[in-house]
Every structure is written in C-alpha cells, then in structure tokens.
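Everything below concerns the one structure shown next.
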Amino acid sequence: MMQLPVPRIEAAQFDDLDPRQYILIKGARVNNLKNLDVAIPRNKLVVITGLSGSGKSSLAFDTLFAEGQRMYVESLSSYARQFLGRMEKPEVEYIKGISPAIAIEQKVNTRNPRSTVGTSTEIYDYLKLLFARIGHTYSPISGELVRKDSVTDVVNFMLGHEEGTRVMILAPLHIREGRTQEEELTILLSKGYNRIYLNDEVVSIEDILENPDNYPQAGNQVFILIDRAGIKHDDEDTQYRLSDSVQTAFFEGEGICIVQVLNGEHRVFSDKFELDGMSFEEPTVNLFSFNNPYGACKRCEGFGKILGIDPDLVIPDKGLSIYEGAIAPWRTEKMGEWLTPLVRNAAKFDFPIHRPYKDLSNEQKDLLWTGNQYFQGLNDFVAELETQTYKIQYRVMLSRFRGRTTCPDCRGSRLRKDASFVKLGGASITDLVLMPIKDVSAFFKNLEISDHDRQIARRVLTEIETRLDYMIRVGLGYLTLNRLTSTLSGGEFQRIKLATSLGSALVGSMYILDEPSIGLHPRDTQRLVGVLESLRDLGNTVIVVEHEEEVMHAADQIIDIGPEAGTGGGHVVFQGNWEDISELKNNGYIENSENGIQSHTLDFLLENDSIPVPKIRRQSLHHLQIKGARENNLKELDVTIPLNTLTVVTGVSGSGKSTLIRKILYPALMRMKGEFSEEVGKFDELTGSIDRIEAVEMIDQNPIGKSSRSNPVTYIKAYDYIRQMMADLPLSKARSYKPSHFSFNVDGGRCEICQGEGQVKIEMQFMADIYLKCEGCNGKRFKQEIQEVRYHDKDVAEILDMTVDEAIEFFKPTEPKLVEKLMPLQEVGLGYVGLGQSSNTLSGGEAQRVKLASFLGKGSSNKGKTLFIFDEPTTGLHFHDIKKLLKAINALVDQGDSVIIIEHNMEVIKSADWILDLGPEGGDGGGYLTFAGTPEEMAKIDDNYTATFLKDKI
C-alpha cells in the first residue's frame, strides 16, 4: 500500500509554532486517537474528514470543544464553579492557542413546546421591538389609523392659526353616578370653573344654579369652559398657559379635549387609544409576546392549536360535490334538513352545488361555513349542536368531527387577536410570522416608512434584515418564523444555530460544526459554503466535521483522520489543501498505487475508488398510489410508488419529501394495518397493492431507546445472549448470579450510584449538560463483585467496552451464535462502535444504522412483504461507508422487501431503481412532482436541480 506524504510535525518544530497562528494539539489520546499531534491554522475554514468512527468527532468535539468549555468554566469564580462540578481535562499532553469554543451540533435540543424558528434565531425578538416602536394600530371596523393626541398635538393645532385668533378650550361635562346635575355644577363652581358651553353659547354656572329653568335639557351636550385665549406665536407665557389648560381639559373630560376656534372651526382631541367605539392596547413588546400571559392568545393560551371542529373530518372526501354529500354530518335524513335550503337556493347566489369541493374557490368554501340569507352555514350548525349536548347522540356527533385545529383567533400565531391590529407597511406581525422567510426578507427590502420611523428603527431593521439574509443563505428560506423548533430536522436546527451565530457577529471564536450539509440538496451546499466563509472572514476559526466534497473544495485545510474506523483509526493520514490533493493526482498516484491510497477519502477524491452505477434497474409489477396529497406545501399531489424496488424521493430542501412520506404515506399505512400512528396528513386516498405489505418500518434518526442506558448490543438483542453466557460461568453459578445480575437496567449487579449509566449527568443552566465519570464504579457500570466473573479473562464491563469488530474477532472461536447477531452491525459500517456505547453518544446516522442492523439480524418474519422507509441514511457517512450501506439496503430489496429512501446524496440517488423528485423549489414554490422515472431518464432532462448534479454521476 502506497504511503502518503503526511505533514508530520516533529516535537521541536511543533514547539516553535506560534499559538497565535495555530491551535496546537499534542498527544491527543481521547477515545481512539493515537497520541495524535496536529496544528490547526487559526482564522481559517478547516474540514476534518475520514471514515465514520475514525476519530473526527473525538478530535473536534471531545478534545477541542471539551477543552474550550473546560477553560471557560475554569475562568469563572470559585463560587460559580462549586455549582458546576469538576470537568475533566481531555486526555492530551497540551492544547495551545485555543479560542472560546462554540459547538453547533445536529441535535434538536430544545424541550420548550413554544420554541419557534423566530425565537431561536432572535428574529422574533427584534420584530417585537420593531412593532412596539413604530407599529401603527388600525381599527378593524373602519380601517382608520388609531392614534391618541398629546398635549403638544393640541397646542400645535391652536398655534397653527393666525396671530390673534381667539380659541376656547372645552371639556365634556360628565355627570358622575349618584349625582344630580345641580350637584355636579356646584362641584365645578367649587373647583374654580365659572362657565359652561351650552347650545353654542357661553353660560355662567351661577346663573344656571339660580334659575333651574336654565338647566340643560336631556340630550344637550354640556362642556366645561376651561380657558379662553388669543393666539400669540412667539409668547412663551401663552404657550405654557395653553398647555396647562389642555392638560386640565383632558383630566376633566376623561380623556377628551375640544378646541373651539371662534371662526367656527371645531376639533375634538382624545388622549385615549380609541376609535370606532373600540378601545385598543398601545403597542408594547409584551403585546407581541406569546410566551407572556399578556400577549398570548386568550383562546389557545399561546399554543396556536385548539380542540375544535376539524374541516377535514367534516368534509373528508374533497372529490365529492355538495350535492353528492361532501358535507359528512349532513348526509343523514334528519341532518339533511340543513342541506336542503342550500341546494334549493344555490341558483339565487350562483353557488355550484355539482362542482367537486376541491374545485370551489376559497370564497365559496368560506360561504359553506358562514352561510347567508338563504341558508345557515356549518358554523351555525355546530353552534346548534353545542346547545343540544345534553343529548348523547349530539355529543357523539360532535366528538366525531373534533380535532386539533389551528386557532381561528390567532391563525396559529399564538398572539392575542388585537396584536394583529398593529401594522407596518400594511402587514401585521401575525402576517409576517406565517410567511416563508424569503417572503419576509422581500417585505423588509421593499418596506416604505417615514424618515422619522426609519431613524427610530434603523438599528432594529438592520438586525432583522441581516438575520433573515443569513437564514436564506443557509438554505432555510422556505421555513416560517412560526414553525415549531421541535418539528425541525437535525440539519435544519444546526443551520438555524449557524445563522444565529452569524447574526450575533462574534469574532475571535472557534466554531465547531457537525456536518452542516446534512439535509441540504447539492444546489444549496454552495450557499452554505458561502456562509461558512463569512463566519471565517469575521475573524473566527471554523472547524467542520464533514464528508461533502464541495465543502472540502472550499476548505483552507483538510485534515483526514484514519486510515480505518475504530481501533484502526485515530491517525492523521493527510493534512493539506485541495491544491495538495490535485498535486497528488498529477504526480501519478492513481496509476502507481495497486492497492489504493491509505486514505479512503483520497481514494474517492482521486477517483481511485467509487460506488458503481447499477447495471440493471429493478422493474416492479406492484405499486402504491397516493392521490390528492395536500399537507403543508404539497399541491394536490398524485404519486405512484413502486414496490419491491429501491425508490429514492429527492428534491431541494423544503420541497415536501418528508411531508409526503413521513406525514402521509407512513401513518396512513400504519392505520390501515390497524396500528397506532400519529396524525395523518391531508390526502384523498391511498390505493394499490396494499395487501402485499404486511409490515412498515420507519428507520429514522431518532435515538435508539428512550434511556441513555440503551446501546447497540441491547437494541439488536445480542446482550441477552451475553448475559446468559456470563450467568452460565462456574463462578456465577457458585454465587447464584442470574442473567439479571449482568444487566444495568435492573437492581442487582449494576452500580447503584449511577444506576448503571457509568456516568453522572450534571445539568448546566446556561450551557450544555456535562457528563462526569461515576466515582463509584469508575465508569464500569457494575459492582466490583460482578466484575470478578470473567469470560476468557474479560469481565462483563470489558466485553461491553469492545468495539463490534473486536468482539467478532474475540467470540469467533467460541460463540458463533453471538457473532451471527453482531455481524449485521459490521455490515452496515458500525464495526467501530462500542458494544455498550450509550445511545446518547450515537449520532442520528449511527442510530439509524443500528436500527437497520436489527432488521438485517433478526431476518423479517414478513420477508418480501416489509416496506422500509429511510430518512437520509447517509447522515454522517463517508463515501466508503455509503458503499457498505447500499449493499445492506440492496440485500433487503433482493429478498423481496420494498425500500423508500428520502435522500440528497447523489451516490444513493444514482443507485436507485426509481426516482421521485419533488420541487421545483422549497416552501410555497415546492410541492409538485417534477419527475418520476429511472436515474438514466432523469439525467436526460434539463431545468431540474437534481438532474443537473446527477448527470455528473452517470
């Protein structure tokens, strides 16, 4: 095997390097790192690559980030440190030149059900501030601007008249409850007011009191004369007097002040925030906060959803017309009485009762709910049923049509209804959070506001526009600000945090990212590279753990860790830039190396190794058909999915792939099989060869097991065999140990301090949680006496510490059945994973491959009749591992099962039997089926993003 010219740094040379220019790591031994020395240039974009399990994350996260976090904690006061516990130093000789470290991982680690894209990126915080500062409130009745007048406004109005103009300042007289007119006038007199304004005349209060016949009649409006004055423009005393009188008028008139100009002009001013008989809340930050009881929608309490009548249950079949019975509750003879007036009178208001519901306009659909003078709509029908709930049949009927629906008051925005009365450029904050981010960005670019408002909000507008721009640049322009963070994929969440970091504009920091290209179509990867370069150009060191070739092209330096995974990894096998790789190619490394280069990464980059294009594409005789899929952004989609083949669903991020497969196909099939599933997305029907599917398996990236004690060997059911094997040993029998004594899930043999976890979690209030090795068992998980039971000189803890590859080698001579159970883990490229490795240390891609191994291992009882659904199985995989993965997936198809993969990776797409491409764009611009066919057919088409990249692979 030909060796690469690796830039090995001698100890003396290493010590001479300047820590201001390099991050120097010497003697790193964390996990499988083999006394690794590496100098990482500062303020550069550095890609760390290598096989899955070769030690990339050990170097980037467990060494660099862990040391950065430890140094931060050490910098705190001793008082603060006592609450944080001790943080162990990574196993390394020294690290020099390290900067404050920020890790951006793929885990969606928010537990808050109210957390949204807007709050996570801080864009919503700036929006609240913007609307509170320069938002204008409009009446929903007249559409007029709601404003309150200040004393200055009134004085300026009066001073706007000619010099010498006489004015009267009046306030309406309010008769307080429990007082007579006479008592109110007497009190006015005692306050020092002498006159009132009645029927366009100034009248003395004393004259009225002396002669009761002069009392105002019912219906007469009475005003208190506060002051009379002549306008003097340059006289300060006059201005002070007018201001004082206006303030008094507002007080006596309970917020109303009237200015009567003696030329006949009359103007009413109000310091109340009212219009059209409505009182409005003045814009404040809290008014726009759904996490605050003051700003949260009163109906849904700030969650955006209510238990109400679900329109999709009321009208389940959108292909029927109203005449054919589209409205389900009106199909019975008794309830049909509500339908009769609509059918009889439809011609009078031109309503098409024979047209399918799905073809009706939005106005016509709304009319079915609101009704008109000819018929009562569904809203009236529901209201009538709710008055009859003492009858059981009506309660049953209502329950049949209830579901979790978008709150009608806040339209799902979670904000109180009157927050939407405040507008900016014609849009409310509710409108903005429900728009795709790319549309919000366009709104602010075209926003026209007064120079005064722009001056007030200049800084806030800059922050909003910058953050929106970064969100679009990381390929998330299709998301809405209202989207719940918990519904995002790991890749989307990571890119949100990346955009937030850019928006914060930190400098001199070290950003460590874990495969930010995951979930991105190749079209968007170039944009992502631009974002990473922006982060670097601000003056940060950007370290990316990545397998994507395009990101490597852009890197200032590539560090390849390997050569193999697990114990065979942990070395730097190459360090250099793309020019160095090109030089290797030009120097004839391809022709001269018989066995391939020692770096699997360079093998692929230098085209010395590749994933071959399948010679034949499997044909299918059986299919599934989904009709009328319209959940999220899907546009009444009809799609045919072949069975017994490898089908890949692709398209740009946000085009509707996950919605189609994960929200419609998977839960719909599960319900048909009589199994519980989550809510099914909106579609018309699912038909085809459903009887040929006996089981549906979703192999996603969710963690294996709910406990951190779960691990690969328990998940594939191999640990049961190991526990029995340990319990059968002579010492175990002498001590009456049962298989349960070798379990860390139940009391008996496990360490009781850490409950078999091997580590203790310390919750950090303002940082990521820290895990410390258990002092009781020293991380071994079991009591000391249990560890005395040894199989071929290894105790149960040492067996769990083995990698899959080591265990297969160790047990091959004596335990062939156990080896058979472990082999599927090796086949899917997880030979480097520890048997007892905690599930919370596995990446999403690793968890997904453990699930695949469990199916390969147990051999399905429904062989040939299982539909497997994979959601981006190449997550975290090197080209070399993708090759292994495809072999395992093809093994499923070859035994007659069906496989659907949601994927962006071109190596997987070119290996498909059938491609379904959604798009053409993400968000509102997506949701269409842009292509269905074989990879060869796709490579021939133009004007398709996926086809553009696929042509280079076929």
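Quick caveat, the model's predicted, so the values are computed rather than measured.
- More than 12 heavy atoms of other shown residues, nucleotides or ligands fall within 6.0 angstrom of atom NZ in K883.
- Not counting sequence neighbours, Y357 has no partner by the ring-ring contact (aromatic ring centres under 6.0 Å, His included) test.
- Using a 4.5 Å cut-off on side-chain heavy atoms (C-beta onward), I48 and E546 make no contact.
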With salt bridge (charged side-chain N to carboxylate O under 4.0 Å, His left out) as the test, would you mind laying out the steps for K851 and E697 before giving the verdict?
-> CA-CA 10 Å; K851 293 174 190 175; E697 300 292 351; over 6 Å; no
How far apart are the C-alpha atoms of R630 and D684, what are their side-chain angles, what is the distance that settles it, and do they pass the salt bridge (charged side-chain N to carboxylate O under 4.0 Å, His left out) test?
-> CA-CA 9 Å; R630 56 188 176 280; D684 289 339; 2.8 Å; yes
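- Classification of K657 and D871 as a salt-bridged pair fails, no side-chain N sitting under 4.0 Å from a carboxylate O.
- Side-chain N or O atoms of K56 include one that pairs as donor or acceptor with a backbone N or O of L51 at under 3.5 Å.
- Taking the charged nitrogens against the carboxylate oxygens, K884 and E827 have no contact shorter than 4.0 Å, which rules out a salt bridge.
- To the nearest 0.5 angstrom, L916 atom CG is 9.5 Å from M938 atom CE.
- At least one side-chain heavy atom of L624 sits less than 4.5 Å from a side-chain heavy atom of L669.
- No donor-acceptor pair under 3.5 Å is formed between the side chain of S54 and the backbone N or O of G569.
- In this structure, R523 is not positioned above the aromatic face of F949 in the sense of NZ or CZ being under 6.0 Å from the six-membered ring centre and within 45° of the axis.
- With hydrogens and angles disregarded, a donor-acceptor distance shorter than 3.5 Å links the side chain of D881 to the backbone of S52.
- Of the possible polar contacts, one joining the T121 side chain to the V117 backbone as a donor-acceptor pair under 3.5 Å is found.
- With Q837 contributing its side chain and G834 its backbone, the two residues share a donor-acceptor pair below 3.5 Å.
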Determine, step by step, whether V649 and I641 satisfy the side chain to side chain contact (heavy atoms under 4.5 Å, CB included) criterion, reporting the C-alpha distance in whole Å, the side-chain angles of both residues, the deciding distance to 0.1 Å, and the verdict.
-> CA-CA 10 Å; V649 182; I641 301 170; over 6 Å; no
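- Shown here is K635, whose NZ atom has more than 12 heavy atoms of other residues, nucleotides or ligands within 6.0 Å.
- Side-chain N/O atoms of T525 and E548 include no donor and acceptor closer than 3.5 Å.
- Between the side chain of D524 and the backbone N or O of G475, no donor-acceptor pair lies under 3.5 Å.
- Between F744 and Y719, the two ring planes are parallel [angle under 30°; tilted spans 30° to 60°].
- Between the side chains of N711 and S838, no donor-acceptor pair of N or O atoms lies under 3.5 Å.
- A distance of 13.5 Å separates CG of L434 from CZ of R483, quoted to the nearest 0.5 Å.
- Ion pair D894/R618 flagged as a salt bridge, since at least one NZ, NE, NH1 or NH2 atom sits closer than 4.0 Å to an Asp/Glu carboxylate oxygen.
- The side-chain heavy atoms of I901 and T874, taken from C-beta on, include no pair separated by under 4.5 Å.
- Inspection of the T116 and N482 side chains reveals no N or O donor paired with an N or O acceptor under 3.5 Å.
- When only modelled atom types and interatomic distance are considered, D638 and Q625 share no side-chain donor-acceptor pair under 3.5 Å.
- Looking at R404, its side chain never comes within 3.5 Å of a backbone N or O of G308 through a donor-acceptor pair.
- Two residues are said to be in side-chain contact when any heavy atoms from C-beta on lie closer than 4.5 Å; L484 and S115 fail this criterion.
- Side-chain contact check for I869 versus I699: every heavy-atom pair is 4.5 Å or farther apart.
- No more than 12 heavy atoms of other residues, nucleotides or ligands shown are found within 6.0 angstrom of NZ on K627.
- Judged purely by distance below 3.5 Å, without hydrogens or angles, the side chains of Q848 and T875 never pair a donor atom with an acceptor atom.
- Remark: the Y832 side chain and the E564 side chain contain no N/O donor-acceptor pair separated by less than 3.5 Å.
- Every residue two or more places apart in sequence or in another chain that forms a salt bridge (charged side-chain N to carboxylate O under 4.0 Å, His left out) with K951 is listed here: D942.
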Please test I902 against S658 for side chain to side chain contact (heavy atoms under 4.5 Å, CB included), starting from the C-alpha separation and ending with a verdict.
-> CA-CA 7 Å; I902 301 168; S658 295; 4.3 Å; yes
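- Nearest approach of L950 to P935, heavy atoms of both residues: CD2-O, 3.6 Å.
- Within 6.0 Å of CD on Q619 lie no more than 12 heavy atoms contributed by other residues, nucleotides or ligands.
- Relative ring orientation between F604 and F879 is described as parallel, the plane-to-plane angle staying below 30° on a 0-90° scale split at 30° and 60°.
- Residues N944 and D917 bring a donor and an acceptor atom of their side chains to less than 3.5 Å of each other.
- T934 contributes a side-chain N or O that, together with a main-chain N or O of E937, makes up a donor-acceptor pair within less than 3.5 Å.
- Side chains of E903 and N905: a donor-acceptor N/O pair is absent below 3.5 angstrom, by distance only.
- The distance from the CG atom of L830 to the CD atom of E846 is 6.5 Å, given to the nearest 0.5 Å.
- Side chains of T946 and H521: a donor on one and an acceptor on the other come within 3.5 Å.
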Could you go step by step and tell me if I611 and L886 meet the side chain to side chain contact (heavy atoms under 4.5 Å, CB included) rule?
-> CA-CA 9 Å; I611 295 171; L886 281 169; 3.9 Å; yes
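- Of the possible donor and acceptor atoms, none in the side chain of K717 sits under 3.5 Å from a partner among the backbone N and O of T714.
- Note that the CD atom of Q895 and the CG atom of D897 stand 4.5 Å from one another [nearest 0.5 Å].
- At least one side-chain heavy atom of I909 sits under 4.5 Å from a side-chain heavy atom of I915.
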Report the C-alpha distance between T601 and H878 in whole Å, list the side-chain angles of each, state the deciding distance to 0.1 Å, and finish with yes or no for side chain to side chain donor-acceptor pair (under 3.5 Å).
-> CA-CA 8 Å; T601 305; H878 189 274; 2.8 Å; yes
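- A donor-acceptor pair under 3.5 Å links the side-chain atoms of N633 to the main chain of G654, judged by distance alone.
- Rounded to the nearest 0.5 Å, atoms CD1 (I626) and CG (L665) are 4.5 Å apart.
- Annotation: side chain of V474 is not in contact with side chain of R527 (no heavy-atom distance under 4.5 Å).
- Nearest heavy atom pair, residue P920 against residue G925, reads CD-O, 3.3 Å.
- A 6.0 Å sphere centred on CG of D943 holds no more than 12 heavy atoms belonging to other residues, nucleotides or ligands.
- A donor-acceptor contact closer than 3.5 angstrom links the side chains of T485 and S120.
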Residue pair D514, I104: steps toward the side chain to side chain contact (heavy atoms under 4.5 Å, CB included) verdict = CA-CA 7 Å; D514 188 8; I104 303 179; over 6 Å; no
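- Contact detail for M552 and L605: the closest heavy-atom pair is SD-CD1, 3.9 Å.
- At least one side-chain heavy atom of R662 sits less than 4.5 Å from a side-chain heavy atom of M698.
- How far CG of N644 is from OG of S898: 4.5 Å, rounded to the nearest 0.5 Å.
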